[in-house]
Structures are given as structure tokens and as C-alpha cells.
Chemist: 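After the C-alpha cells below, expect a handful of questions from me.
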Amino acid sequence: MNKKILVAYGSKKGSTAEIAEKIGETLRQKGFQVDVLDAGKVKDLTPYSKIILGSSVYIGFWHKKAVLFLKKNIEALEKMPVWLYICGPTGHENPIEQIKGRFYPKSLQPVIERIHPREITCFGGKLVLKTLNPFEKWIVKNVKAPEGDFRDWQAITSWANTIKE
Ligand SMILES: Cc1cc2nc3c(=O)[nH]c(=O)nc-3n(C[C@H](O)[C@H](O)[C@H](O)COP(=O)(O)O)c2cc1C
């Protein structure tokens, strides 16, 4: 009954990982035992009763460690409560409105339908041009994605607080 919550993440430049840490901290404050782990480092889901998975989004695709985590653990995840979040859009517009319903690429639809997550949400991301390689810079310029940190920590904490049963 007193199993732990796992917050796993796939993150390239760290902003999705920091959101995972914030969710973990929020849940710990509510008395839950929580592990926050890189999705690629999770070996076994048996210690956990709830799973939260976060992924960064790059050119519409989820981080490969988040995708592998879902695929590798699909049989266990089908039987557990799962919450998903993505971290991506930059700019001052509401991130959920920005993605226009595209929470995941079409290729992930069968997996996500099998897992039937309790919820999937989207948080604003962080873009620092000096950390990008020339190709990434080119893409970001092309889509005119604004530079900055658009993570809304209050929205993240509020969402984490909705995670119960
Ligand atoms: C090359 C590139 C492509 C991106 N493509 C998308 C995208 O398709 N959709 C989106 O919402 N955000 C996109 N982003 C924004 C990232 O998702 C955002 O910077 C996020 O915070 C990165 O997470 P990470 O720090 O965990 O890697 C892109 C960023 C870069 C640099």
C-alpha cells in the first residue's frame, strides 16, 4: 500500500529534469515517498504504485529515453496510474494552447492509448541559444521560437498537487 511514486524524465538540456524534481519535491511535501530518475536509468517498476513521466519535445518528437521507457514497461504501465507531461513551447502564450492538441507524435498514439494515462499535460520550456548546436539554432530561428525560460513553476506545482489516486 505504501509504495513509492516514480517521476521519470527524458531531458536533453535539463529543463524537463528540473520540472521532474519540482514535481518530486511537491509530492514529498504531501507525504509521498518519491524517486526522481532519468527514464534511461529505471530498472524496475515494482517499488512504485504511481508513475509520472516527463519528456522534452524536439521537432515534434519526444525524448528517446521517455519513448523507450513507455515501450519497455508497457505491460506494467497498463496496470498502473500514469501521468504524463511534456515540456517544450517557449513564449508567453499558454503552452497547452500553443501545441494545439499535439501532445505526442502519431507514432506514439498506440502506446499511449494502451497506457491510457490519467492525464497528459504540457508545460512551457526553456531555450538558451548559447547551449544549442548550429543545427538546433537554425531550427529555432526558422520557427521563431523565443529564447528564455517559460516554465511556470506555479502551474507545475498545482498540477503535481492534483496527483492523488
Ligand atoms: C532544435 C529544437 C527543436 C525544438 N522543437 C520543439 C517542438 O517541436 N515543440 C516544442 O514544444 N518545443 C520544441 N523545442 C523546445 C524544447 O522542447 C524546450 O527547449 C525544452 O525546454 C527542452 O527540454 P530539455 O531542456 O529537457 O531538453 C525545441 C527546441 C530546440 C532546441
Side-chain angles (χ1 to χ4, degrees), residues 5-28 34-43 48 50-73 77 82-113 115 117-163:
I5 299 181
L6 172 66
V7 187
Y9 58 83
S11 177
K12 190 171 177 187
K13 297 188 193 283
S15 58
T16 310
E18 286 168 1
I19 293 175
E21 292 291 352
K22 186 71 183 177
I23 293 169
E25 188 191 306
T26 307
L27 293 169
R28 280 186 202 111
V34 186
D35 287 343
V36 179
L37 290 171
D38 183 314
K41 298 214 167 100
V42 181
K43 297 269 178 288
Y48 305 108
K50 297 178 183 51
I51 308 289
I52 300 159
L53 175 71
S55 179
S56 54
V57 185
Y58 285 84
I59 48 169
F61 290 94
W62 282 28
H63 193 282
K64 67 170 189 280
K65 286 184 184 170
V67 174
L68 265 176
F69 175 88
L70 288 179
K71 291 186 173 168
K72 207 174 80 180
N73 296 297
L77 293 171
V82 177
W83 286 260
L84 302 172
Y85 72 87
I86 55 170
C87 165
T90 59
H92 293 290
E93 219 188 304
N94 179 323
I96 295 178
E97 283 167 19
Q98 278 196 66
I99 60 165
K100 298 186 175 76
R102 290 188 292 265
F103 284 97
Y104 46 82
K106 226 175 158 38
S107 54
L108 266 186
Q109 192 169 340
V111 175
I112 290 180
E113 279 176 2
I115 290 166
R118 296 285 165 102
E119 204 190 340
I120 171 162
T121 196
C122 173
F123 299 120
K126 178 181 174 186
L127 210 51
V128 182
L129 288 181
K130 67 170 193 252
T131 67
L132 305 183
N133 67 37
F135 178 60
E136 290 172 333
K137 271 189 192 145
W138 179 80
I139 290 172
V140 163
K141 269 193 178 166
N142 253 287
V143 298
K144 298 190 175 67
E147 183 177 28
D149 187 350
F150 298 93
R151 292 170 298 171
D152 177 345
W153 297 107
Q154 216 178 327
I156 292 162
T157 308
S158 301
W159 186 75
N161 274 318
T162 66
I163 291 167

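Everything quoted here is computed from the prediction, not taken from an experiment. Start at 1 and go down the list; that is how both ligands and their atoms are numbered.
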Chemist: Only heavy atoms of Lys12, strictly under 4.0 Å: list the atoms of ligand 1 that pass.
Modeler: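 Here the atoms of ligand 1 in question are 24 (P), 26 (O), 27 (O).
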Chemist: Give the contacting part of Ile86 toward ligand 1: side chain, backbone, both or neither, where contact means a heavy-atom distance below 4.0 Å.
Modeler: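 None of Ile86 does.
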Chemist: Show me which atoms of ligand 1 lie under 4.0 Å from any heavy atom of Val140.
Modeler: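 Heavy-atom distances to Val140 below 4.0 Å select 30 (C), 31 (C).
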Chemist: How many angstroms lie between CG in Leu132 and NZ in Lys130, if you round to the nearest 0.5 Å?
Modeler: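 Rounded to the nearest 0.5 Å, the CG-NZ separation comes to 11.0 Å.
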Chemist: Does any N or O of ligand 1 fall below 3.5 Å from an N or O anywhere on Pro89, backbone included?
Modeler: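 It does: an N or O of Pro89 is found under 3.5 Å from an N or O of ligand 1.
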Chemist: Looking at Lys71, I want to see if its NZ is surrounded by more than 12 non-hydrogen atoms of other residues, nucleotides or ligands under 6.0 Å.
Modeler: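 Atom NZ in Lys71 is not crowded, with 12 or fewer foreign heavy atoms closer than 6.0 Å.
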Chemist: So is there a nitrogen or oxygen of Gly60 less than 3.5 Å from a nitrogen or oxygen in ligand 1?
Modeler: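 Looking only at distances, the answer is yes, because the N/O contact criterion of under 3.5 Å is met.
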Chemist: Taking side chain as C-beta onward, heavy atoms only, is Ile19 less than 4.5 Å from Tyr9?
Modeler: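 With C-beta onward as the side chain, the pair stays apart.
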Chemist: Considering Phe123, Tyr58, Phe61 one by one, which has a heavy atom nearer to atom 27 (O) of ligand 1 than any of the others?
Modeler: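 Comparing heavy atoms across Phe123, Tyr58, Phe61, the nearest one to atom 27 (O) of ligand 1 lies in Tyr58.
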Chemist: What part of Val143, side chain from CB on, backbone N/CA/C/O, both or neither, has a heavy atom under 4.0 Å from ligand 1?
Modeler: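 The answer is neither; Val143 stays 4.0 Å or more away.
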Chemist: Do you know which two heavy atoms are closest between Glu147 and Leu127, and how far apart they sit?
Modeler: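 So the minimum-distance heavy-atom pair works out to CG-O, 3.0 Å.
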Chemist: Tell me if the aromatic rings of Phe150 and His92 count as close, with their centers under 6.0 Å from one another.
Modeler: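 Yes, close enough.
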Chemist: Please find the pair of heavy atoms, one from Ile23 and one from Trp159, that lie closest to each other, and give the distance.
Modeler: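 Heavy atoms only, the tightest pair is CD1-CZ3, 3.8 Å.
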Chemist: Checking a contact table here: which protein heavy atom is nearest atom 15 (C) of ligand 1, and how many Å away?
Modeler: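 That would be Gly88 O, 3.3 Å.
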Chemist: For atom 20 (C) of ligand 1, what's the nearest protein heavy atom and its distance?
Modeler: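 Of every protein heavy atom, Ser15 OG, 3.6 Å lies nearest to atom 20 (C) of ligand 1.
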Chemist: Are any of the side-chain heavy atoms of Leu84 and Phe103 separated by less than 4.5 Å?
Modeler: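 A side-chain contact under 4.5 Å is absent here.
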Chemist: Measure the distances from the heavy atoms of Thr90 to every atom of ligand 1 and state whether one is below 4.0 angstrom.
Modeler: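 Under 4.0 Å: no for Thr90.
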Chemist: Say whether Gly14, considering both its backbone and side-chain N or O atoms, lies within less than 3.5 Å of an N or O atom on ligand 1.
Modeler: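 Yes, Gly14 has an N/O under 3.5 Å of an N/O on ligand 1.
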Chemist: Are Leu6 and Phe69 packed together at the side-chain level, in the sense that at least one heavy-atom pair is separated by less than 4.5 angstrom?
Modeler: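 Leu6 reaches Phe69 side chain to side chain.
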Chemist: Which of the atoms in ligand 1, numbered in the order shown and given with their element, are less than 4.0 Å from a heavy-atom of Glu136?
Modeler: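 Near Glu136, the atoms of ligand 1 are 1 (C).
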Chemist: Test your reading of the structure: does Val57 have an N or O sitting under 3.5 Å from an N or O of ligand 1?
Modeler: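 It does: an N or O of Val57 is found under 3.5 Å from an N or O of ligand 1.
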Chemist: Can you establish whether the number of heavy atoms outside Lys141 located under 6.0 Å from its atom NZ is more than 12?
Modeler: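 At most 12 heavy atoms, drawn from other residues, nucleotides or ligands, come within 6.0 Å of this atom.
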Chemist: Which of the numbered atoms in ligand 1 are under 4.0 angstrom from any heavy atom belonging to Leu127?
Modeler: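 Per the distance check, 19 (O), 29 (C), 31 (C).
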Chemist: For Lys64, I'd like to know if atom NZ has over 12 heavy atoms of other residues, nucleotides or ligands within 6.0 Å.
Modeler: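 Atom NZ in Lys64 is not crowded, with 12 or fewer foreign heavy atoms closer than 6.0 Å.
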Chemist: Answer yes or no: is there an ion pair linking Arg28 with Glu25, defined by an N-O contact shorter than 4.0 Å?
Modeler: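 So Arg28 does not pair with Glu25 through a salt bridge.
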Chemist: Using a plain distance cutoff, I'd like to know if Lys126 has any nitrogen or oxygen under 3.5 Å from a nitrogen or oxygen of ligand 1.
Modeler: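 Such a contact does occur with ligand 1.
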Chemist: Check whether any N or O atom of Ile59, backbone or side chain, sits under 3.5 Å from an N or O atom of ligand 1, and answer yes or no.
Modeler: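 For ligand 1, there is an N or O atom that lies under 3.5 Å from one belonging to Ile59.
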Chemist: Counting each atom of ligand 1 from 1 as listed, which ones have a heavy atom of Gly125 under 4.0 Å away?
Modeler: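 Every atom of ligand 1 under 4.0 Å from some heavy atom of Gly125: 21 (O).
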